[in-house]
Structures are given as C-alpha cells and as structure tokens.
Amino acid sequence: MSGEVEHRKRVREELISKNINPYPHKPLYQPASLRSVLDSPVEGAEVAVAGRVAAVRRHGGLVFLDIVDDGLRIQASIDKSKAGDVFEFFGKYVDLGDFVNVKGVLYRTRRGELTVDVRGLQLLAKSLRAPPVKYGHRLLDPEVRYRKRYLDMMLTPDVRRVLEVKFKVLEETRRFMWGKGFVEVETPVLQPIYGGAEARPFKTHVWALNTEWYLRISLELHLKRFIIGGFNKVFEIGKVFRNEDIDAQHNPEFTMLEAYQAYADYNDMMDLTEELISHLAEKVVGRNVVEVPVGDVKERIDLSRPFKRMTMYEAFKEYAGVDVEKLGDDEIRDLLAKNAISLAGGYDRGRAIVKLFDKLVGRKYLVQPVFITDYPRSSSPLAKPHRYNPDLAERFELFIAGMEIANAYTELNDPVLQAEYFRAEEERRKRGDEEAHPFDWDFVEALEYGMPPTGGLGVGLDRVSMVLAGVSSIKEVIPFPMMK
RNA sequence: GGGCCCGUAGCUCAGCUUGGUAGAGCGGCGGGCUUUUAACCCGUAGGUCCCGGGUUCAAAUCCCGGCGGGCCCGCCA
C-alpha cells in the first residue's frame with residue numbers, strides 16, 4: 001500500500017530533521033549474538049542485542065516486541081515508567097520491520113519468557129515497507145516466495161532451516177572430501193565445447209573471440225584432465241547448466257559434486273558415495289532416517305550403510321518382471337512402442353534399455369537408497385566397458401526417493417575407444433539426437449598422453465539436500481530458483 | 001508439448017452458479033489498554049475485481065481472445 005510507504009518516508013524525514021540518523025553506521029550498544037543470550041541467559045544481567053522488529057504488542061504503558069536476528073528470536077519489553085524516553089521514541093518512530101539495537105536487563109515475564117527490559121534503544125535501519133505476513137507465518141504464493149526469497153527467509157523459520165540444510169551439505173561435503181585427501185579444484189564454466197553429460201547446453205557469445213561458447217553441463221572432462229596432469233584425487237563443487245525444463249526435480253542451474261580418483265574403479269566410488277551420504281545424514285541432520293515426500297506419501301528413508309546394490313538387469317527382473325538380457329531387439333522395440341518411448345537418433349539397444357528402465361522401474365520403485373549398476377555400454381560413452389561383459393559399462397547410479405542422486409563410472413581411459421564412442425555419438429547427432437555427446441578432440445588428445453585407471457563420481461547436491469531436508473521441490477533448496 | 005486449476009485490498013480469501021455497480025479476517029494508520037506473545041477493544045484508510053473485446057439498460061459475475069501463475073503427465077540429474 002503506497003500510503004504505508006509514504007507514512008514511513010515521512011517518519012524518516014522527521015528523524016533526519018531532528019538530527020537522528022535513521023541509518024546509522026554501527027550499533028551504539030555492542031550487540032551480543034542471540035544464540036549466546038538464549039543459550040546461557042543470566043537473569044538480572046545487562047545485555048544488548050540488535051535485530052529486526054518482528055512483532056509489536058502494545059499494552060498501554062508497556063510494549064512487548066519480538067526482535068529477530070540471524071534466525072533467532074528474543075522478546076523485549078519497554079516499560080513507560082522505567083524508560084519513558086525510549087517508550088516515547090519507540091511509539092513515535094519505530095515500526096514493524098525496522099532494525100533496532102536495544103540495551104537492557106534480562107528478566108522473565110509472568111509466563112516465564114526470557115525478555116529484555118529495555119533501557120536504551122537506537123534505530124538501526126528504518127524500513128519503508130511492513131512485512132507482508134506476520135513473522136513465523138508462511139508466505140503462500142509460490143510466485144512471491146521464490147521471486148522475493150528474502151521475504152520468505154525473513155518470515156518463515158522453516159524456509160531458513162531448509163536452506164541451511166543445503167549450505168551445510170556443501171560445507172560437510174567439502175569437509176568429507178578434504179578428509180579423504182581430495183584436492184578441491186576449479187574448472188571453466190565457459191567452454192568452447194561442452195560435454196560430460198547428455199543435455200542441451202546454454203550458448204553464449206564471447207566478444208573477444210567473436211565465437212559461440214557454452215556454459216558447462218558437467219565438470220567431468222576437465223576434472224579428468226587433472227588426473228592426466230598428475231593430480232590423483234580431485235573434486236569440484238560447482239554449478240552446471242542444462243537448458244532443459246524447470247520442474248520439481250529440475251532447475252536449469254544446479255550444484256554438482258564431481259570427484260575423480262586415480263587407481264580406483266566404480267566399486268571404490270560406490271563405497272565413497274555411500275560413505276559421503278551417510279556422513280552428510282549424520283552431520284547435517286544428525287540421524288540416518290529421514291522422511292521425504294514421494295508422490296502423495298511421506299516415505300521413511302533409511303540412509304544407513306550399506307545401500308542395496310543391484311545390476312540394472314536384476315532391477316528389471318525384480319521390479320518389472322522382465323528378463324531384458326533374453327529379449328530380442330524386436331521385443332524391445334515392442335516394449336518401447338507400448339510405453340510410448342521414442343529414441344532420438346534412431347534405435348540403439350542399450351539406449352532403449354535405459355529408457356525402459358527409467359519408465360518401468362526408475363522413479364516408482366527406487367525409494368530406499370539403491371545402487372543400480374552395470375548400464376548398457378552404448379548408453380555411456382565416457383565409461384569403461386565392463387571387465388566381464390563388453391555389452392555393459394562399469395557404471396552405477398544411486399537412486400533415493402525415486403530420484404537419481406549420483407552417477408559414476410570406471411572412467412574410460414583408452415583414447416582409441418574414446419574416439420570411437422565419440423564418433424558413434426556424432427553419428428547419433430546427425431540422426432537427430434540433439435543431446436548426443438559432442439566429439440571432443442582436445443579431450444581425446446589428452447587421453448592419448450595416458451590417464452591412469454580412474455574412478456569418477458558425480459552427485460547432485462541439490463537433490464541430496466532435498467532428501468535430507470525432507471522437501472519435494474528442488475526450488476526449496478535453491479535460494480533463488482529460476483522462475484518462468 | 002498435453003491435461004487440470006487459479007488471478008478480487010499489502011496478505012489469506014468470500015462474492016461468480018442465479019448479472020444490479022465491492023466484502024471479511026489479518027496487516028497498515030489513529031486512539032485505548034502495564035506481563036503480552038497469531039495479544040485484545042474502538043475507529044479509519046486502502047481496489048484498473050489480471051488485460052482486451054463481446055452480450056446486456058446494467059458485468060467481478062455470462063461469452064470470446066490474450067497475459068501471468070500453480071499443479072500433474074512426457075523429457076532431462
């Protein structure tokens with residue numbers, strides 16, 4: 001309401017005209033953290049705190065206010081008979097939403113609530129707009145929530161809690177990886193050629209070179225160059241960008257952890273993944289059973305080790321009652337047709353099997369953590385063929401709550417095979433599959449210098465955060481999600 | 001891309017079926033109240049009823065077309 005803003009602007013003007021700065025540079029009374037005050041309150045002691053006025057309850061000569069600072073709340077009261085000048089100033093110049101600095105004595109009210117009996121008050125920052133809902137209540141309009149996320153965080157403690165889960169995941173992932181002896185590195189976001197995943201990229205223009213470049217869709221190919229360069233254990237946590245749809249599980253930019261380890265294979269990466277996830281459960285939420293909404297039901301998900309492991313073929317048998325290995329290509333084509341699946345770039349047995357897996361098994365059944373291993377070789381152009389079966393790749397994906405959480409390979413390090421697989425991808429692109437992997441000559445050349453046997457892992461940290469926070473939309477764990 | 005739903009005060013929503021020219025609660029502002037905590041009581045301001053067109057004496061309401069948004073399905077991590 002414009003009247004409200006006008007009113008507060010007038011208050012601001014009046015303060016300035018009275019030589020009271022509505023936006024002073026520092027608090028007058030050095031504020032203690034609310035955490036320290038609330039954790040070990042000393043009744044009768046003098047304290048100073050600062051924060052936003054989140055609620056005001058006036059009772060004639062006594063006014064109660066809630067002060068919120070850094071996600072915590074404390075009550076203060078101003079007694080006209082004890083601090084008449086403060087009382088008058090507050091009534092005249094302080095509104096809901098303003099930042100204040102108060103000094104006073106800690107006591108407990110009749111109802112037992114810890115309260116600061118205010119004796120001194122300084123306005124720290126005048127707000128011109130009152131918060132749209134009361135502190136502690138939820139903003140309901142998702143449009144407003146995500147576009148004006150500062151209001152969402154400011155007003156709803158649970159929103160802050162969920163975001164804190166995400167940030168703690170980032171922090172604890174680093175701590176875990178460092179502890180395992182991995183070096184945190186960085187790789188370019190802007191690239192002349194993209195790769196490492198199957199996705200449509202974002203394009204951009206580099207003026208200095210007058211050429212089209214891309215935003216990275218994964219971290220993989222540069223991290224492997226670190227392995228070639230002699231770093232044995234590297235990881236990166238970073239944004240990747242995929243030019244695809246926006247929905248409850250997908251945001252066009254999201255945060256991946258990728259890790260590569262020399263002299264390791266996908267079995268080692270499975271152990272590492274399992275250990276990471278349970279480390280995160282323990283450090284971030286302090287328990288290994290979490291509740292996550294999956295579809296219409298809240299699922300109790302047990303993140304304790306070890307996770308179930310099954311091959312993709314076993315999963316087909318168990319959940320879809322299909323023995324894919326024994327199916328002829330005609331039967332697979334029939335299944336594709338029956339499930340209305342079309343394959344961009346023409347029929348390929350391996351890729352068909354993966355699509356069928358997503359459709360028939362994927363999200364429905366893989367609620368408890370499970371590693372699905374041994375993907376069809378042709379669906380994984382950067383993975384090494386399986387040591388016992390050349391039709392398969394040494395690859396696994398981790399599913400939790402019906403979501404793909406992690407993806408890992410024994411990395412392909414044979415440059416001749418890599419070139420061959422890239423060539424096949426290029427053929428597929430020519431046949432119309434926009435998401436086929438581009439041929440990366442520079443990467444093949446790097447492999448030609450020799451890469452040790454390597455295990456590689458990618459983890460979607462937003463989705464991990466969703467599981468740990470128990471939320472069903474990726475928007476909840478991304479501070480400023482992309483909005484249509 | 002397909003389907004369903006929504007758009008009225010700062011917020012949450014009623015009014016629409018049955019057309020008569022705009023309402024409530026909360027919030028704001030003013031007043032009252034010295035132990036409240038979604039405080040309470042009294043008063044008051046605040047609206048392009050998403051936009052455009054049509055029907056009608058008359059449209060928030062009925063019809064058509066846009067725009068914005070949400071959810072589900074398909075695809076992608």
Side-chain angles (χ1 to χ4, degrees), chain A residues 1-8 10-11 54-66 73-83 87 91 95-97 107-115 117 128-148 151 155 196-201 217-218 240-258 295-296 339-344 354-355 358-359 362-363 397-400 402-407 433-435 458-464 466 472-475 483-484:
Chain A
M1 194 192 312
S2 65
E4 172 197 331
V5 174
E6 291 315 309
H7 170 85
R8 290 182 180 216
R10 278 197 297 277
V11 172
V56 178
R57 296 175 290 279
R58 293 174 208 275
H59 296 264
L62 183 67
V63 53
F64 290 97
L65 49 144
D66 291 347
R73 187 199 75 100
I74 194 167
Q75 176 169 271
S77 62
I78 306 171
D79 188 326
K80 189 178 185 178
S81 67
K82 295 187 212 158
F87 185 87
D95 291 302
L96 209 60
Y107 75 107
R108 286 197 189 271
T109 63
R110 278 178 206 165
R111 300 257 177 117
E113 172 149 3
L114 191 69
T115 303
D117 179 16
L128 297 185
R129 295 173 191 271
V133 299
K134 288 186 187 182
Y135 177 78
H137 291 242
R138 249 182 196 285
L139 274 171
L140 292 181
D141 184 345
E143 175 81 6
V144 176
R145 281 194 56 211
Y146 297 128
R147 284 197 200 278
K148 303 189 184 199
L151 291 174
L155 296 167
E198 291 197 358
R200 193 178 306 136
I217 61 170
S218 86
V240 299
F241 308 85
R242 300 188 183 176
N243 209 341
E244 321 232 319
D245 219 347
I246 306 169
D247 64 31
Q249 275 89 45
H250 303 267
N251 194 65
E253 57 177 296
F254 62 102
T255 304
M256 288 256 290
L257 159 73
E258 288 198 33
D296 299 330
N339 290 285
I341 299 169
S342 62
L343 281 182
V354 172
K355 290 270 187 189
D358 286 343
K359 182 86 179 185
R363 284 144 204 155
E397 292 193 323
L398 171 64
F399 288 82
I400 304 176
M403 294 186 291
E404 223 178 300
I405 296 285
N407 182 19
D433 186 350
E434 279 183 74
E435 297 192 349
V459 181
L461 293 181
D462 310 275
R463 289 182 174 179
V464 171
M466 289 169 69
S472 58
S473 169
I474 198 167
K475 286 185 167 66
M483 297 294 286
K484 289 178 191 170

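Lettering of chains follows the sequences in order, A, B, ..., and the numbering in each one begins at 1.
- Residue side chain A:D247 reaches the base of B:C75 through a donor-acceptor N/O pair under 3.5 Å, judged by distance alone.
- Taking the charged nitrogens against the carboxylate oxygens, A:R242 and A:E435 have no contact shorter than 4.0 Å, which rules out a salt bridge.
- Using a 4.0 Å heavy-atom distance criterion, A:N251 is classed as a base contact.
- In this structure, B:C67 and B:G7 make a Watson-Crick or G-U wobble pair, each of the two defining distances being under 3.5 angstrom.
- With a cut-off of 3.5 Å on both pairing distances, B:A39 has no Watson-Crick or G-U wobble partner at all.
- Straight-line distance from the OH atom of A:Y107 to the P atom of B:U37: 14 Å, rounded to whole Å.
- On a pure distance criterion of 3.5 Å, a polar donor-acceptor pair joins the side chain of A:Q75 and the base of B:U36.
- Heavy-atom nearest nucleotides on RNA chain B were determined for A:E253 and for A:R108, and the one closer to the 5' end corresponds to A:R108.
- Between the side chain of A:R57 and the base of B:U36 there is at least one donor-acceptor pair of N/O atoms closer than 3.5 Å.
- Nucleic acid contact for A:E397: none, since no nucleic acid atom lies under 4.0 Å from a heavy atom of the residue.
- Within the shown strands, B:C73 is the pairing partner of B:G1 under the Watson-Crick or G-U definition, both distances less than 3.5 Å.
- Across B:G19 and B:G2, the matching P atoms stand 35 Å from one another, rounded to whole Å.
- Between A:R138 and A:R73, the residue whose closest nucleotide on RNA chain B is further toward the 5' end is A:R138.
- Under 3.5 Å, the side chain of A:D66 and the base of B:U37 form no donor-acceptor pair of N or O atoms.
- One can find a donor-acceptor pair under 3.5 Å joining the base of B:U36 and the side-chain atoms of A:T109.
- Here the separation of B:U17 from B:A59, taken at their P atoms, is 14 Å to the nearest Å.
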